[in-house]
Structure formats: structure tokens, C-alpha cells
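Heavy atoms only: backbone and side chains are in, while hydrogens, waters and symmetry mates are out. These numbers were taken from a predicted model, which means no experiment stands behind them.
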There are 2 protein chains.
Amino acid sequence: MLDSVRRPTLLFDPLFKLNSRSKNGPARATPPDTTLTWRRGASPAARRKEIFRSLGLVLRERGLASLTMQDIADRLGMTKGSLYYYFKDKQDLLYQCHLACMSVSLDALARTKGSRRPPAARLRAVLTQHIRAITDEVYGAVMLTDLESLAPPQRKRYVAMRDRFEKGVRALIREGVRRGEFKPVDARLAGFAILGAINWIPKWYHPGGELSSEAIAESFVDFLVAALEP
Amino acid sequence: MLDSVRRPTLLFDPLFKLNSRSKNGPARATPPDTTLTWRRGASPAARRKEIFRSLGLVLRERGLASLTMQDIADRLGMTKGSLYYYFKDKQDLLYQCHLACMSVSLDALARTKGSRRPPAARLRAVLTQHIRAITDEVYGAVMLTDLESLAPPQRKRYVAMRDRFEKGVRALIREGVRRGEFKPVDARLAGFAILGAINWIPKWYHPGGELSSEAIAESFVDFLVAALEP
DNA sequence: CCTACCGATCGGTAGG
DNA sequence: CCTACCGATCGGTAGG
């Protein structure tokens with residue numbers, strides 16, 4: 001929030017951009033106010049991540065129906081064509097973004113594998129980090145995207161990852177049930193309810209609003225794990 | 001499921017449709033197998049509802065990113081232009097569909113107003129009907145759509161409806177807290193968690209699958225209300 | 001990374 | 001409700 005970040009558009013010729021845009025109608029109204037870091041010296045990996053963030057911002061502001069390559073590029077002050085230097089095509093961009101998001105949650109899950117703490121504590125840790133992954137990275141909003149936009153082979157790979165995460169959560173629930181820490185719930189349905197409540201967060205969460213992501217994570221985890229306790 | 005429904009496409013000349021489609025590339029692959037009722041004698045209201053169902057089916061199968069007027073029409077065996085006889089434009093269609101879906105849940109809420117039953121019972125009734133509204137009407141999937149696709153005045157009207165529903169749910173939670181039936185939770189966050197879990201259902205629910213909508217509704221309501229109990 | 005461009009598709013309309 | 005059509009936009013590419 002206090003980063004000294006400037007709109008990168010100014011690194012280029014603004015007039016030129018306006019002309020190239022106005023060919024197909026008036027230029028986009030009101031420039032974005034959310035900060036995006038885009039430095040010339042940045043590594044390709046860092047740039048990719050900024051593109052993910054731009055994707056997430058457009059998604060939140062204009063919705064999936066108008067998530068265009070043009071809008072994603074505009075936000076970063078680059079041209080649409082340049083995006084294809086970093087990603088093969090739109091499906092690839094979406095896929096990589098999904099991967100980046102899910103891998104954070106999968107890491108959280110992996111970290112609990114070796115733990116000897118009780119299932120409830122492990123579940124709490126995983127859910128907390130899953131929530132933080134969604135709220136703290138703008139591109140957590142990709143979770144709301146429909147997987148149908150992905151190319152079939154990539155969709156398959158992503159769904160496999162997501163299933164691994166969901167199964168991990170269910171396993172924690174089942175273990176808690178087995179140990180008597182949790183009520184004898186249907187792990188599958190309980191998992192759907194818990195993860196659905198969390199995945200829905202980007203629909204109403206506004207960074208910088210009155211509800212901090214920490215407060216949300218704590219409240220949600222308390223609430224959702226309470227539903228499991230006897 | 002046992003309805004004697006036939007694909008309405010057959011009422012017209014299939015060859016003609018194929019030609020008109022192939023102008024812009026190959027015709028759509030694999031016709032839909034989900035039944036849609038489309039009778040010539042039906043009332044405009046009934047036809048509108050069928051269009052909603054077609055919208056919901058396309059949404060579930062191809063995702064929001066490819067929810068086109070053409071696809072919605074194809075499923076019903078009518079031409080794209082004909083949709084504009086029933087709805088002003090795409091935004092209007094989406095708006096009306098949102099209204100149709102939300103009004104069911106609002107009705108459920110209104111029905112509890114006069115009730116003298118305890119808050120927990122009233123909340124259970126509202127949530128159960130909200131779930132059923134989403135699962136039993138195919139077009140419950142519109143809940144996943146982003147509101148940015150709606151025209152601003154219509155969006156405002158819909159959001160007002162949605163807020164009324166959310167506030168009603170929160171009021172029930174608060175009443176339960178006040179009476180000591182529920183734990184002292186933050187009604188706003190608890191409401192987000194509960195409704196998020198429910199609104200996410202279309203993401204994984206498959207009509208005709210092993211989980212019936214009744215079973216889901218019962219499990220979910222048990223689980224979510226348990227999270228509120230002391 | 002930008003320029004200049006194309007093909008395809010999509011929402012929408014006029015006229016019947 | 002269909003036909004025939006248009007303007008705009010969108011994803012993507014060649015060449016630098």
C-alpha cells in the first residue's frame with residue numbers, strides 16, 4: 001500500500017497508446033487505482049506473477065465475462081500482443097494462474113503431513129493458509145473462474161491437483177472423526193461445505209476494507225471447525 | 001426424468017440449421033442429452049422459464065466464458081434472434097434469470113416472518129429452501145455468474161434483493177444469538193460462510209448423481225447450523 | 001516487448 | 001418466431 005509504485009503506462013508514450021486503442025472505439029475509461037509493480041529489470045518470473053495479479057484485478061472489477069487479454073495488458077501498461085511473449089495463449093495464462101494459486105494451498109497441506117498434532121489443529125492450519133492464499137494474492141479470484149476455459153489436458157492436470165487438495169482435507173476430517181475429535185460427519189459433504197464457504201470469499205472480500213484477511217481467516221476457521229466438533 | 005420430452009430441433013429442418021451454422025465453421029458437436037421442454041402451445045412465461053433452464057445448462061456445461069446467445073438458443077432448437085423476442089438483450093436475460101432464482105429464496109424468507117418457531121428452526125427452513133432452489137432449478141447456476149454482466153440499473157436492483165436475503169439470514173442468526181440458542185458469532189461473517197457454502201453447490205452438484213438434492217440439503221443444513229450451536 | 005493486422009465470433013437488429 | 005445481415009470485439013500471429 002505504501003509502495004512507491006507508478007503506473008507503468010508512463011514509461012511509454014501515452015498518446016500513442018490512446019491512438020492505438022481509439023481505433024476500435026473510445027479508450028478505456030478511468031485508469032486503475034490498484035497498484036501493480038512492473039519494473040523493467042524484473043525477472044520473467046516476477047513479470048508472470050504481475051500478469052497473474054492483473055488478471056485477478058480485472059476479474060474482480062469487470063468479471064469473468066469481460067476478462068480479455070486487452071484488459072489484462074492495459075492494466076500493466078503493455079500491449080496485448082506482449083502477453084503472448086509470456087504465455088502461449090489465454091488458456092495457458094489461466095492455467096498457470098490456477099496452478100500458482102493452488103500450489104500454495106497444496107504446500108500448506110504437505111506441511112501438515114509430517115505433523116503429529118491432532119487432526120483439528122492440522123485442519124485449522126491448512127484452512128487458514130488456504131484462506132490467506134485466496135485473500136492475500138489478488139489472483140485468488142481465479143478460483144471463481146470456470147474450468148471450462150482451460151484446454152482439456154491442462155484442465156485435467158489442474159483438476160488432479162484440486163482433487164489432491166480436497167482429498168487431503170477430507171482425510172483430515174476422517175481422521176478427526178476416527179479419533180473422536182469430530183462428529184461422525186460425511187467427510188465429502190463436510191469438505192464441500194467448508195471449501196465452498198472459503199472459495200466464495202473473493203465474491204465479497206475487498207482488500208483494505210474493514211475486514212482484514214487475518215480476521216476473516218480466524219473467524220472462518222473457528223466457525224467451520226466448530227461445525228465438526230461434537 | 002421420465003417426461004416424454006423430445007428435442008425440439010426436430011420440429012424444424014435439421015439440415016437447414018446445420019447449414020446456417022456451418023457458415024462460421026463446423027456445427028456444434030454432440031447435441032445435448034438433458035431434456036428441455038419446448039412446446040409450441042406453451043405460454044410466453046413457460047417459454048421464458050425454459051430459456052432460463054437452457055441458460056443454466058449451457059452455464060454448467062460450457063462455463064460462463066462461453067455462455068453465448070447462440071448456445072442458449074441451440075439447446076432449445078430455436079434461432080439466436082428469436083431470443084430477442086422474449087428478452088430485450090443478453091443483460092436482460094441474465095437479470096431476469098437472477099430474479100427468478102432469488103425470488104424463490106426470498107419467498108422462503110418471507111414465509112418465516114410470521115412464524116413463532118425458534119430462530120434455529122426458521123433458519124433451517126430458509127436454508128433448506130435456498131438449497132433446493134439452487135439444486136432443483138438448473139438455472140440456480142446463475143448464482144455463480146458475476147454481476148458485472150448485468151446492466152448497472154438492473155444490477156443495483158438485483159443486489160438490493162440479494163442484500164435483503166442476506167440481511168434476513170443475518171437477522172435470524174442474531175436472534176438466535178440473543179436468545180442464547182446460538183453462540184455469539186459475528187452474524188455477518190457467519191452469514192457469508194453459510195451462504196458461500198450453499199452458493200458453491202452448483203460447482204460440484206450433478207443432478208441424477210449419487211447425492212440427491214434432498215440429502216445435500218439435509219446434510220448441509222445440519223452441518224451449517226451445528227456451527228452456530230453452543 | 002511493440003506494430004499492424006487477420007479470421008472468427010458474438011451481440012444485436014431490420015424486416016418479415 | 002426465422003432470415004440475413006452488420007459492427008464491434010476478441011484471441012491470436014507475423015515480423016521486427
Nearest to the side chain of [X], heavy atoms from C-beta on, is which of [options]?
X: B/D89; options: C/dG12, D/dC2, D/dG12; value: C/dG12
X: B/T79; options: D/dG11, C/dG12, D/dC2; value: D/dC2
X: A/M78; options: C/dG11, C/dC2, D/dG11; value: C/dC2

Measuring from atom CZ of A/R162 to atom NZ of A/K167, what distance do you get when rounded to the nearest 0.5 angstrom?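 Answer for the CZ-NZ pair, A/R162 versus A/K167, is 10.5 Å.
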Measure [atom1]/[X] against [atom2]/[N] and give the value in whole Å, please.
X: B/Q70; N: C/dT9; atom1: CD; atom2: P; result: 11 Å
X: A/M69; N: C/dC6; atom1: CE; atom2: P; result: 21 Å
X: A/Q91; N: D/dC10; atom1: CD; atom2: P; result: 17 Å
X: B/I72; N: C/dG11; atom1: CD1; atom2: P; result: 8 Å

Please classify the nucleic acid contact of A/L83 as base, sugar-phosphate, or nothing, using heavy-atom distances under 4.0 Å. nothing
Would you indicate what A/L67 reaches in the nucleic acid, counting non-hydrogen atoms under 4.0 angstrom: base, sugar-phosphate, or nothing?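 It contacts sugar-phosphate atoms only.
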Keeping the roles fixed (side chain from [X], backbone from [Y]), state whether a donor-acceptor pair exists under 3.5 Å.
X: B/S66; Y: B/R62; value: yes
X: A/S54; Y: A/I51; value: no
X: B/R48; Y: B/Y86; value: yes
X: A/D71; Y: A/L67; value: no

Do the side chain of A/K90 and the base of D/dG12 come within less than 3.5 angstrom through a donor-acceptor pair of N or O atoms?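 Counting by modelled atom types and ignoring angles, no donor-acceptor contact under 3.5 Å is found here.
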Take atom CD in A/E218; do more than 12 heavy atoms of anything else shown fall under 6.0 Å from it? no
Counting only Watson-Crick or G-U wobble pairs whose two distances fall under 3.5 Å, which nucleotide matches C/dG15? D/dC2
Dump every N/O contact between nucleotides 14-16 of chain D and the protein below 3.5 Å, one line per pair.
none

Sequence neighbours excluded - ring pair (Phe, Tyr, Trp, His ring centres under 6.0 Å) pairs with any residue from residues 44-80 of chain B: B/F52-B/F87, B/F52-B/Y139
Name the residue closer to the 5' end of DNA chain C, choosing between A/Y85 and A/K80 according to the nucleotide with the nearest heavy atom. A/Y85
